[in-house]
Amino acid sequence: MLLEGKTVLVTGGSSGIGAAAAVEAARQGADVAINYVGNQAGADAVVAQIEALGRRALAVRGDVAKRETAIAFVEAAVAAFDRVDVFVSNAGICPFHAFLDMPADTFERTMQVNLHGAFYMVQAAANQMVAQGDGGAIVAVSSISALVGGEFQTHYTPTKAGIHSLMQSAAIALGRHGIRCNSVLPGTILTEINRDDLADGEKRERMAARVPLGRLGEPEDLAGPIVFLASDMARYVTGAALLVDGGAFVNLQ
Ligand SMILES: NC(=O)C1=CN([C@@H]2O[C@H](COP(=O)(O)OP(=O)(O)OC[C@H]3O[C@@H](n4cnc5c(N)ncnc54)[C@H](OP(=O)(O)O)[C@@H]3O)[C@@H](O)[C@H]2O)C=CC1
Ligand SMILES: C[C@H](O)[C@@H]1OC(=O)[C@H](O)[C@@H]1O
């Protein structure tokens with residue numbers, strides 16, 4: 001097992017990619033704490049799946065846009081499990097909207113949840129790891145959208161580029177502490193975040209047609225790459241960004 005005896009924290013662990021990563025971490029031997037903001041039923045279901053695997057689980061509610069949520073999440077996990085070995089910064093939103101009439105509050109909320117939230121969470125986890133004194137691993141969920149644009153994502157893609165950049169700079173800041181920082185860059189993965197957007201059958205087919213592996217992604221497609229980067233198998237990997245997109249990014253012609 002790749003994460004035997006480790007404590008793993010996942011933000012946005014109540015559905016989609018975060019839920020899949022949390023359950024896979026437990027399958028790989030970790031105790032897991034998840035953060036969520038509103039979906040208590042989803043959080044409870046993930047806790048039940050982790051416990052069914054014989055591991056300890058904790059769900060902590062909180063809005064990642066607020067710095068105090070990060071402090072409270074890490075404190076709650078340490079109170080329950082004593083330490084933080086792996087931190088997965090995953091929580092995010094993508095309220096699709098046109099650029100020219102983007103409401104300021106939609107832009108600002110997306111920045112606060114996706115980028116400010118990642119910063120505060122990663123900072124809180126890193127401080128705990130530094131205090132423990134024996135390293136750790138941080139994996140942030142960025143996106144293929146860090147590298148390419150989206151007409152209705154002008155508020156969102158900069159947050160994903162920012163998360164990619166945050167991991168690069170954090171890798172430098174934290175390397176001396178033995179803390180590795182990497183990102184995964186998912187392509188289009190079928191989750192709640194894009195359920196309405198991909199209800200448009202024409203768009204869904206167009207997105208799938210771009211993928212050399214022939215299908216859109218499932219949350220579980222991210223679980224392995226996240227666990228790998230979190231594990232000692234990736235012990236000399238830091239500052240890296242791993243595309244997990246079925247080949248969509250490289251598919252120009
Ligand atoms: N699906 C995709 O195609 C892609 C997704 N991503 C990224 O993956 C990450 C996960 O998204 P995905 O699994 O797809 O979508 P989901 O909507 O399924 O999951 C989003 C998760 O984030 C949580 N969340 C949202 N806002 C907050 C908040 N303010 N505070 C705390 N938690 C919050 C949700 O909690 P709750 O359930 O309680 O609302 C939920 O657990 C996001 O960062 C997204 O940008 C990147 C590339 C592609
Ligand atoms: C939510 C979108 O469908 C999804 O988010 C991303 O980051 C991907 O690039 C997709 O656009």
Side-chain angles (χ1 to χ4, degrees), residues 1-3 8 10-28 42 46 49 86 88-94 96 114 118 137-154 156-165 167-168 180-234 236-253:
M1 290 195 284
L2 292 179
L3 299 176
V8 175
V10 183
T11 69
S14 51
S15 74
I17 293 167
V23 172
E24 184 59 31
R27 195 172 288 118
Q28 296 294 334
V46 171
Q49 286 182 74
V86 173
V88 181
S89 178
N90 163 77
I93 57 173
C94 183
F96 288 78
N114 293 7
I138 297 171
V139 182
V141 179
S142 172
S143 171
I144 188 175
S145 298
L147 309 178
V148 290
E151 179 178 356
F152 298 100
Q153 294 176 305
T154 55
Y156 172 81
T157 60
T159 70
K160 293 287 136 177
I163 289 166
H164 169 54
S165 175
M167 285 301 95
Q168 292 180 325
R180 298 181 298 101
C181 301
N182 296 291
S183 60
V184 289
L185 279 54
T188 301
I189 312 299
L190 296 165
T191 69
E192 283 302 317
I193 206 172
N194 52 27
R195 184 182 295 280
D196 292 344
D197 185 54
L198 296 177
D200 173 351
E202 187 274 329
K203 177 167 184 184
R204 186 173 169 137
E205 280 178 27
R206 181 160 40 89
M207 299 303 288
R210 183 179 167 159
V211 182
L213 289 182
R215 64 172 175 85
L216 297 179
E218 303 286 346
E220 292 71 22
D221 292 323
L222 270 299
I226 289 170
V227 164
F228 162 70
L229 288 171
S231 77
D232 291 342
M233 296 282 284
Y236 199 57
V237 181
T238 197
L242 177 55
L243 272 163
V244 187
D245 66 346
F249 179 73
V250 298
N251 189 12
L252 182 59
Q253 56 185 309

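Distance check: L229 CG to C181 SG gives 11.5 Å after rounding to the nearest 0.5 Å. Interatomic distance, R206 CZ to R210 CZ, rounded to the nearest 0.5 Å: 10.5 Å. Atom OG1 of residue T238 and atom CD of residue Q168 lie 10.5 Å apart, to the nearest 0.5 angstrom. The distance from atom CZ of F152 to atom CG of D197, rounded to the nearest 0.5 Å, is 9.0 Å. Interatomic distance, E151 CD to T157 OG1, rounded to the nearest 0.5 Å: 12.0 Å. Separation of atoms NE2 (H164) and CE (M167) is listed at 11.0 Å; rounding is to 0.5 Å.
Across all their heavy atoms, V86 and L3 have their closest contact at CG2-CD2, 4.5 Å. Across every non-hydrogen atom of N251 and V211, the tightest pair is ND2-N, 4.4 Å. Heavy atoms only, all atoms of each residue included: V148 and F249 are closest at CG1-CE1, 3.6 Å. Residues I193 and F96 come closest through the heavy atom pair O-CE1, 4.1 Å. Minimum interatomic distance between A140 and I163 (heavy atoms only, all atoms of both residues): CB-CG2, 3.6 Å. Here the shortest heavy-atom pairing between A230 and V139 reads N-CG2, 4.0 Å.
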For residues 13-27, which side-chain donor-acceptor pairs fall under 3.5 Å, sequence neighbours excluded?
| from | atom 1 | to | atom 2 | distance (Å) |
| --- | --- | --- | --- | --- |
| E24 | OE1 | R27 | NH1 | 2.6 |
| E24 | OE2 | Q28 | NE2 | 2.9 |

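Residue M233 places its CE atom among 12 or fewer non-hydrogen atoms of other residues, nucleotides or ligands, all under 6.0 Å distant.
In this structure, N182 contributes its side chain and G239 its backbone to a donor-acceptor pair below 3.5 Å. In this structure, the side chain of N90 does not engage the main chain of V141 through any donor-acceptor pair within 3.5 Å. R180 places no side-chain N or O within donor-acceptor distance of the main-chain N or O of D232, the cut-off being under 3.5 Å. Remark: the backbone N or O of K160 is paired with a side-chain donor or acceptor of S142 at under 3.5 angstrom.
Within the structure, every pair that satisfies the salt bridge (Lys or Arg N to Asp or Glu O under 4.0 Å) test and touches residues 219-228, not counting sequence neighbours, is listed here: R215-D221.
Shown here are the side chain to side chain donor-acceptor pair (under 3.5 Å) partners of S143, two or more places apart in sequence or in another chain: S145.
With respect to T188, the side-chain contact (heavy atoms from CB on, under 4.5 Å) criterion is satisfied by exactly one of I144, L198, D245: L198.
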